[in-house]
A.B. asks: 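Below: one structure in structure tokens.
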Amino acid sequence: MKSVEIIIDGIKKIVPKRITILKIAQDVGIEIPTLCYHSAIEPYGACRLCIVEIERNGRKRYVTACNFPVEDEIKIETNNENVVKIRKLILELLIAKVGYKGKVKEYAEKYEVEPRFGIGNDDCILCGLCVNVCKEIIGVSAISFSQRGIERKVSSPFEKEPTNCIGCGACSFVCPVDAIKVEDIKNERIIKKINAKLELEKCKICQKPFIPKKLIEYIKNKLGANVLLDIFLICNECKGKNYVDKLLPFSLTGGKK
Amino acid sequence: MKKINSFEELEKLRKKLKGIKDKEKIIISVCMETGCIAAGSEEIYRELRKEIKKVKNKEIKVIKTGCHGFSEVDPAIVIYPEKIFYIRLSPNDVKEIIEKTIKKGEIVERLTYKDEKGQIIPYLDQIPFYKKQKRLVLSLNGLIDPENIEDYIYYGGYTALSKVLSGMSPEEVIEEIKKSGLRGRGGGGFPTGKKWEYCRKAEGYPKYVICNADEGDPGAFMDRSVIEGNPHSVIEGMIIGAYAIGSNEGYVYIRHEYPLALKRLKIAIEQAREYGFLGENILGSGFSFDIDIVRGGGAFVCGESTALMASIEGKVGEPRAKYIHTVEKGLYEKPTCLNNVETWANVPFIINNGWEKFAEIGTDTSKGTKIFSLVGKVKNTGLVEVPMGITLREIIFDIGGGIKENKKFKGVQTGGPSGGVIPEKYLDLPVDFDRLNEVGSMMGSGGMIVMDEDTCMVDVARYFLNFLKEESCGKCVPCREGINQMLEILNRITQGKGKKEDIEILKEISDFMQKASLCALGTTAPNPVLTTITYFYDEYINHIEQKKCSAGVCKDLIEYFVNTEKCTGCTLCAKNCPVNAIEGERKKIHKINKEKCIKCGICFTICKFNAIERK
Ligand SMILES: Cc1cc2nc3c(=O)[nH]c(=O)nc-3n(C[C@H](O)[C@H](O)[C@H](O)COP(=O)(O)O)c2cc1C
Ligand code: SF4
Ligand code: SF4
Ligand code: FES
């Protein structure tokens with residue numbers, strides 16, 4: 001048997017086995033909040049915000065929708081009282097850590113969270129998206145988590161300049177709380193959060209430095225097509241329209257889409 | 001040694017060993033485990049060897065063995081066959097032992113164990129610490145040299161393997177384990193036979209078996225003792241398990257800080273290979289299996305199954321979702337069977353004696369024995385192996401000898417840092433997996449910390465939570481942030497800044513962590529908090545409302561002062577106060593300067609006239 005019948009928020013549906021609850025929900029148009037999930041990246045299961053209640057053989061439990069593979073007939077409740085209570089507390093704890101930022105702010109407002117544990121001012125919620133995009137999509141693993149528990153943080157190895165960072169800015173692009181700022185200052189790209197400093201190549205047309213030299217190298221190796229390379233040497237303004245971004249899952253040129 | 005190529009050859013070797021070893025009439029066993037060595041057993045061993053050489057009697061042998069478990073009396077020796085037990089030895093005692101006991105068969109009374117009333121108890125089996133124990137897994141600890149495979153073989157080692165490979169199908173082995181009722185000793189108590197069955201049925205090759213020897217619980221040393229005392233029992237169990245699930249590759253994941261266990265395990269694996277119990281075509285059966293050792297990542301969380309597997313793969317030791325079980329997709333995404341050291345070590349017994357013999361020990365749902373490391377405010381600390389179903393009272397008062405300094409019992413924490421604290425009213429609770437869960441604690445891997453009346457339960461909750469805060473991997477929000485917030489609240493309460501609603505918030509976060517955490521570290525972390533709130537509610541209220549710590553532990557809530565009627569002005573307290581907070585002249589009443597006092601309590605302990613009081 002390759003498919004099973006499930007019930008999600010009262011809706012009956014036949015789904016292929018091992019599909020995740022989040023995908024089912026997206027199919028039927030139910031919104032489940034996520035902080036550490038991105039469709040191009042392996043689910044990490046760290047923020048727990050996507051938690052839902054499932055019932056199997058009369059037994060209820062809580063699972064994370066982003067990575068729970070459906071195996072058999074289950075009943076899923078994505079937004080009942082218990083689930084909302086858990087989500088609220090997650091958001092409340094995150095507010096205690098970083099305050100009202102990005103997606104945390106958005107969800108906190110939606111769930112009407114009243115913070116009891118204070119309003120923090122860290123920059124990062126440790127969702128892991130930046131680390132995982134760098135590892136899985138870009139394939140360079142320039143950054144990782146260091147330390148355990150409450151001391152955990154995203155950093156470059158030993159907090160030194162990451163030798164393999166190509167300055168693509170994918171980490172910044174995926175961050176749900178905008179913790180990673182990419183700044184181009186003169187002929188350098190600086191990503192302070194991860195101690196990266198990269199020399200920039202000039203635009204062939206306007207001569208403004210705009211793309212990290214290492215990124216060009218990376219693209220060369222990846223595409224292996226020298227012919228196309230000129231496209232990457234022209235800055236967005238001069239190109240008018242950035243069609244490179246359409247070819248790749250993330251903006252390699254650093255700017256947001 | 002030539003490799004053993006068949007079951008017959010193994011029996012032949014055993015016969016040969018019998019011929020040699022049966023001549024050894026007196027065996028003096030010196031325990032040589034991490035704990036005993038620290039207490040000085042190496043010197044005793046050397047001295048014994050030296051002196052025995054002079055006696056020139058081939059019938060007497062001195063061996064290094066695993067531990068007898070009674071840490072309190074280390075270093076100690078056992079003289080077989082009578083099992084004369086000499087304790088707290090120093091190298092100077094050796095000559096007398098040889099002269100009197102070895103040569104003349106006399107007991108050296110001053111070296112024996114004495115009970116409460118001063119009664120001499122020279123024989124190991126009659127000592128209360130051992131009387132109620134049942135040693136299955138530890139049966140050979142203290143009797144064999146763990147660095148000599150022939151000792152193990154002489155006492156029946158590898159007969160279970162031989163039995164399995166010569167006449168049992170993998171399914172029959174699994175059935176035997178299932179019927180025995182063996183449950184995992186590493187924490188969760190999952191039925192071992194079922195795990196093996198799932199793993200056997202799972203699709204994919206290669207399949208792996210792993211032994212979890214990470215033992216991260218502070219103060220626990222059950223697994224270390226099994227490996228240091230009888231490593232082959234674990235290896236034999238693993239080979240049998242591998243055969244049952246259809247695996248040819250195994251790993252032992254051993255805690256970083258266990259150099260002696262690692263050394264003995266290495267020697268044991270090498271010897272097992274040399275004798276043909278590991279490697280290709282084991283005992284000529286056609287079955288092949290080998291074991292690699294991996295050293296642990298040095299974090300408590302690395303003992304969690306998925307984190308452990310990630311760590312073996314060379315990745316960061318961090319848990320991941322287990323919605324697809326590791327028996328299906330474990331190490332390198334292949335079917336993997338992970339069991340604890342003690343679980344593996346139970347297997348040879350079950351195979352050798354049949355499931356019935358094992359299942360007749362214990363309770364309905366928990367069979368066999370369990371090893372606990374009994375520590376804290378109990379008189380006899382050490383490693384104890386008891387039948388499941390024994391009561392906490394028997395462990396603490398009969399085996400453990402009761403509370404130190406005859407203080408009052410207050411609670412016992414079972415199951416390691418994320419276990420619960422069990423109060424006096426449950427002392428007659430039979431110890432088994434389910435009963436411990438019912439009262440909010442757990443079996444865990446077998447830690448047992450006894451607490452007396454001087455223990456503050458809010459402080460206990462804070463202490464364990466603090467450990468877990470350091471050890472949480474920090475991956476998921478409920479555990480990382482939840483522990484952090486709970487700890488803030490507990491800190492506040494112990495400082496006298498608690499609010500009444502704090503208790504409800506602690507319960508709310510606990511409930512949330514149990515439901516939403518990614519791994520069992522987070523889901524069980526609230527146990528110390530919840531149980532202390534449930535069983536010692538008044539103590540929380542006392543801290544919050546009266547701002548009092550009745551146990552006198554929370555520094556911010558206590559005060560030391562001089563009882564002017566009792567003070568003789570001897571100046572002892574003033575001389576010993578580390579911060580010079582005590583003023584007063586000789587023969588005049590002293591006074592504690594509250595501003596300066598750091599509440600260390602030195603004066604309280606040191607005053608000969610009980611003139612320092614605490615409130
Ligand atoms: C935080 C954490 C730490 C653990 N540490 C250990 C350990 O040190 N040793 C162990 O055998 N099991 C440990 N476990 C349990 C393992 O995940 C696993 O359940 C066990 O090794 C399975 O073996 P068993 O079925 O024989 O008990 C730990 C679990 C958690 C959540
Ligand atoms: S920096 Fe952003 S993307 Fe990276 S872990 Fe922190 S919150 Fe997530
Ligand atoms: S529950 Fe704790 S230890 Fe487990 S994954 Fe979450 S943060 Fe890590
Ligand atoms: S989105 Fe599922 S755990 Fe973060």
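Chain letters run A, B, ... following the sequence lines, proteins first, then strands; residues in each count from 1. Predicted model, so just to flag it, every value in this text is computed and none were measured.
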A.B. asks: Do other residues, nucleotides or ligands put more than 12 heavy atoms under 6.0 Å from the NZ atom of B:Lys201?
C.D. replies: no

A.B. asks: Could you state the interatomic distance from CZ (A:Arg152) to SG (B:Cys473), rounded to the nearest 0.5 Å?
C.D. replies: 5.5 Å

A.B. asks: With rounding to the nearest 0.5 angstrom, report the CD to CD1 distance, B:Glu481 to A:Ile95.
C.D. replies: 12.0 Å

A.B. asks: Can you establish whether the number of heavy atoms outside B:Tyr463 located under 6.0 Å from its atom OH is more than 12?
C.D. replies: no

A.B. asks: CZ of A:Arg48 to SG of B:Cys479: how many Å apart, nearest 0.5 Å?
C.D. replies: 10.5 Å

A.B. asks: With a 6.0 Å cut-off (strictly less than), is the heavy-atom count around CG of A:Asn221, excluding the residue itself, greater than 12?
C.D. replies: yes

A.B. asks: Output the residues of residues 520-530 of chain B for which the shortest heavy-atom distance to chain A is under 4.5 Å, in residue-number order; output 'none' if no such residue exists.
C.D. replies: none

A.B. asks: Supply the atom-to-atom distance A:Tyr62 OH to B:Lys515 NZ, rounded to the nearest 0.5 angstrom.
C.D. replies: 4.0 Å

A.B. asks: Highest number of heavy-atom pairs under 4.5 Å with chain A: which of B:Ala516, B:Ala321, B:Pro478, B:Gly482?
C.D. replies: B:Ala516

A.B. asks: Need one label for B:Leu468: side chain, backbone, both or neither, based on atoms under 4.5 Å from any heavy atom in chain A.
C.D. replies: neither

A.B. asks: Before you tell me yes or no, could you show the steps for B:Leu518 and A:Tyr44 under side-chain contact (heavy atoms from CB on, under 4.5 Å), namely the whole-Å CA-CA distance, both residues' side-chain angles and the distance that decides it to 0.1 Å?
C.D. replies: CA-CA 10 Å; B:Leu518 171 61; A:Tyr44 190 52; over 6 Å; no

A.B. asks: More than 12 non-hydrogen atoms from neighbouring residues, nucleotides or ligands closer than 6.0 Å to NZ on A:Lys181, yes or no?
C.D. replies: yes

A.B. asks: Are more than 12 heavy atoms from other residues, nucleotides or ligands located less than 6.0 Å from atom OH of B:Tyr205?
C.D. replies: yes

A.B. asks: The test is side-chain contact (heavy atoms from CB on, under 4.5 Å); show your working for A:Arg116 and B:Glu508 and say whether it passes.
C.D. replies: CA-CA 12 Å; A:Arg116 287 170 293 178; B:Glu508 185 189 334; 2.9 Å; yes

A.B. asks: Going from CZ on B:Phe512 to NZ on A:Lys88, what distance comes out if it is rounded to the nearest 0.5 angstrom?
C.D. replies: 13.5 Å

A.B. asks: Between chain A and each of B:Val301, B:Ile489, B:Ile324, count heavy-atom pairs under 4.5 Å; write down the option with the most.
C.D. replies: B:Ile324

A.B. asks: Out of A:Ile90, A:Ile125, A:Ile51, return the one with the most heavy atom pairs under 4.5 angstrom to chain B.
C.D. replies: A:Ile90

A.B. asks: Can you pull the salt bridge (charged side-chain N to carboxylate O under 4.0 Å, His left out) pairs that have at least one residue in residues 466-479 of chain B, sequence neighbours excluded?
C.D. replies: A:Arg148-B:Glu471

A.B. asks: Quick one: list whatever passes salt bridge (charged side-chain N to carboxylate O under 4.0 Å, His left out) with B:Arg480, sequence neighbours left out.
C.D. replies: none

A.B. asks: When you look at NZ of B:Lys194, are more than 12 heavy atoms from neighbouring residues, nucleotides or ligands closer to it than 6.0 Å?
C.D. replies: no

A.B. asks: Please answer whether the main-chain N or O of A:Thr64 pairs with a side-chain N or O of B:Tyr323 as donor and acceptor at a distance below 3.5 Å.
C.D. replies: yes

A.B. asks: Taking every heavy-atom pair that is under 4.5 Å apart, which of A:Leu89, A:Asn67, A:Leu35, A:Ile86 has the most such pairs with chain B?
C.D. replies: A:Leu89

A.B. asks: Residues two or more places apart in sequence or in another chain: which of them pass side chain to side chain donor-acceptor pair (under 3.5 Å) with B:Asn466?
C.D. replies: none

A.B. asks: Please indicate whether A:Lys23 has more than 12 foreign heavy atoms, meaning atoms of other residues, nucleotides or ligands, lying under 6.0 Å from its NZ.
C.D. replies: no

A.B. asks: CG of B:Leu487 to CD1 of A:Ile150: how many Å apart, nearest 0.5 Å?
C.D. replies: 9.5 Å

